[in-house]
Amino acid sequence: MASHALGWLAVALYAGAEVFAVLSLISRRTGVERAPSLLVGAGLALHFGDLMHRSRALGSVPYRTLGGSVSLFGWMLGIAYLFLLFRHRERSIGPFLIPFVLAATALGMSLPDAPSAPSQGTRGSLFAFHVALAILAYAAFTFSFVLSVLYLIQNRQIRRKRTGILFSRLPALEVIGRMNRTSVGVGLTVLALSLAFGLAWARRVWGTLGDPKLEWAAATIAIYAFLLWMDRRGWEGPRVAVLSILGFGVLLFSYSIVNLYFSRAHSFR
Amino acid sequence: MSSASEARLLLLGWNFRSAAVSVRERVAFSADEVREALERIRGRGLMSEGVIVATCHRSEIYGVAAGERRDEELTRLISEWRGMDFAEASRSSFSRQGVDAARHLFRVAAGLESMALGESEVLGQVRGALRLAREAGSTRAVLHRLFESALAAGKRVRTETEIARHPLSVPSIGFALATKVFGDLSKQTLLVVGAGETGSLFGRQAADAGVRDIRIANRDPGRAASLAERLGGSAVAWDSLERALEEADVVVGTTASPTPVVRRQAVESAMRARRGRPMFFLDLAVPRDVEPGVEEIYNVYAYGLEDLEGLAEENRRRRSHEVPLAESILEEELSRFMVWLGNLSVVPTWNALRQRLAELRDIELARLPPAERERYRSFADSIASRLLHEPLQKLKGEPDASRKLDRLEALRHLFGLDRE
């Protein structure tokens, strides 16, 4: 098993980022609020080093091993976290998002690294883009799911007049809603691109487009696109949050059950 | 404790705990009166430095007293000046000395002595008191440092504890809830229904909080226009209240109407026109202005006066839970100030001690033939400064302020430094 010193170092930095994020949320002392983003940034650089190391060993983007693909997912989550942070300048969401970066990366470092046999034509750049973008889309939708749960929690606090620590620490509904919209927007765009690359690749390698996974990806895109559309037509708020959680459920189903039992091209067995 | 310079810090005050409003009114000082009072106090030689903290709930005179029992003379001065009975002025006052006087100011700055626990306004009032005294030339090193330390401690308490976090007034709680729905309230449209006292107060608070688009609806259009003008907002005709709901993000009900003026049906149609964008109702009217049940409409939030008052009570409890933490921060800052004050008093003690040694030296030198005196003078000086060097360093480095003051007091007593 390859050594993942850089990867584990990144895990340590992500853990440090989470500690500082929680500390600055609880105590509101000044001076530590920038630490989480700096630590995640440094962690991402080391994590990238580890991914490059895996990539050289495999001769491709590290998605052909289970550990590699989960680690890549963790890295994409980190990128998505920094993107959301810089886009919305809302630090208080950090303690809820960083654990996902941390968990996926740690899992990626612990899972077996034995590569599956390279199937037909999985080395080209079309395929690499298809997979990398799909993983980024999963990362964006994961955060959309987390944000939606936080939205529902905050909404409940406001409605029930519970003005305790969660009420005061979580951002305003409008801000969480806006961040969710960004996540879904990025996820949708990237998933559509991934789908396009996947279709182009399938046409080139197999000459056919038939795979049940395609329908599920289309369903996912449809749900999230409907969500964005309804967001502007009176469903803004809790309904959009619920729909977004539902969309993530479909995504998980498509990633697990469909991949394992129905898909020919995505079974990874 | 009657040691060195600590005991010379003096506080004489009247506040809402010690004195009835009738007394507080007599000892209330305007800015001009504060200047005059400081002048009178210094003119009588009662204090070498003085600062007066005068707010609605307190008049407190802080000073560095030039001698013992100055609080009594100070009370006499104030009672004579303000035409009060001395006994009454004395009975309703409180006085503190030394570290207790300093501690009281720290507590005042932190809002622990305020009626609304942890309120932040007092910090500005303490800052203003220091500025006024500085302009009047009545502060020097000690009070300047004392007040700056108290202000820093007050700020620390507010950032490091939750004491100032939970709003206590009904409008502030309403704002806090609305802010958690909309984020930035300054960009939202606020509709105040009713231009009476509550409407006017709430509108003013909203304008101060940065809400730019304020609209006033009132049955009497003249009053709506006049309030709108004062707040920099606009008036809404009473007939078009239902249409005004479509654009209003936050609606505040403050009328004296016996029946609800905002109907559920009107809110439903406004929400359709708003395409589901959230609406927030604060009903401060008794009886209610907003028909019960509007909060069941999708994305509509509605709170009545009793909800907000319940939250105010809860927040008061939350603030009082923070008092022990605030006190520990204050003690930390207070101890830092007392160490500084202690250091400061080493210098006069040391000068007095050297003076005493020089006197003894001169007595001894007088016995010697004049030709030899010069030689023995430098010899005696050298021994004296070598002897004093180590204790001086130890005293300066002593971290415990009260122990340092005890030692300084012992030194003064043993060498008879306080004798004329």
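B:Leu311 touches chain A through its side chain: at least one heavy atom from C-beta onward sits under 4.5 Å away, while N, CA, C and O do not. In this structure, chain A has heavy atoms under 4.5 Å from both the backbone and the side chain of B:Arg277. Contact annotation for B:Asn315: only side-chain heavy atoms (C-beta onward) come within less than 4.5 Å of a heavy atom of chain A. With a 4.5 Å cut-off on non-hydrogen atoms, B:Phe182 touches chain A through its backbone but not through its side chain.
Ranked by heavy-atom pairs under 4.5 Å with chain B, the list A:Gly237, A:Gly164, A:Pro238 is led by A:Pro238. Interface check for chain B: of the options A:Leu170, A:Val175, A:Thr163, the most heavy-atom pairs under 4.5 Å are formed by A:Thr163. When each of A:Arg159, A:Gln154, A:Arg162, A:Arg232 is scored by its heavy-atom pairs under 4.5 Å with chain B, the top score falls to A:Arg159. Your options are B:Thr161, B:Thr179, B:Val181, and the one with the most heavy-atom pairs under 4.5 Å with chain A is B:Val181. Comparing A:Leu173, A:Ile176, A:Asn155 by heavy-atom pairs within less than 4.5 Å of chain B, the highest count is held by A:Leu173.
Annotation for A:Phe145 and A:Ser244: closest pair N-OG, 4.4 Å, computed over non-hydrogen atoms. Among all heavy-atom pairs drawn from A:Ala17 and A:Val40, the shortest one is CB-CG2, 3.6 Å.
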Open item on the list: Run B:Arg319 and B:Glu322 through salt bridge (charged side-chain N to carboxylate O under 4.0 Å, His left out) and show every step you take.
Closed with: CA-CA 5 Å; B:Arg319 284 189 177 206; B:Glu322 295 292 302; over 6 Å; no
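Using a cut-off of 4.0 Å between Lys/Arg side-chain N and Asp/Glu carboxylate O, A:Arg178 and A:Glu90 are scored as not salt-bridged.
Between the A:Glu33 side chain and the A:Ser24 main chain, no donor and acceptor come within less than 3.5 Å of each other.
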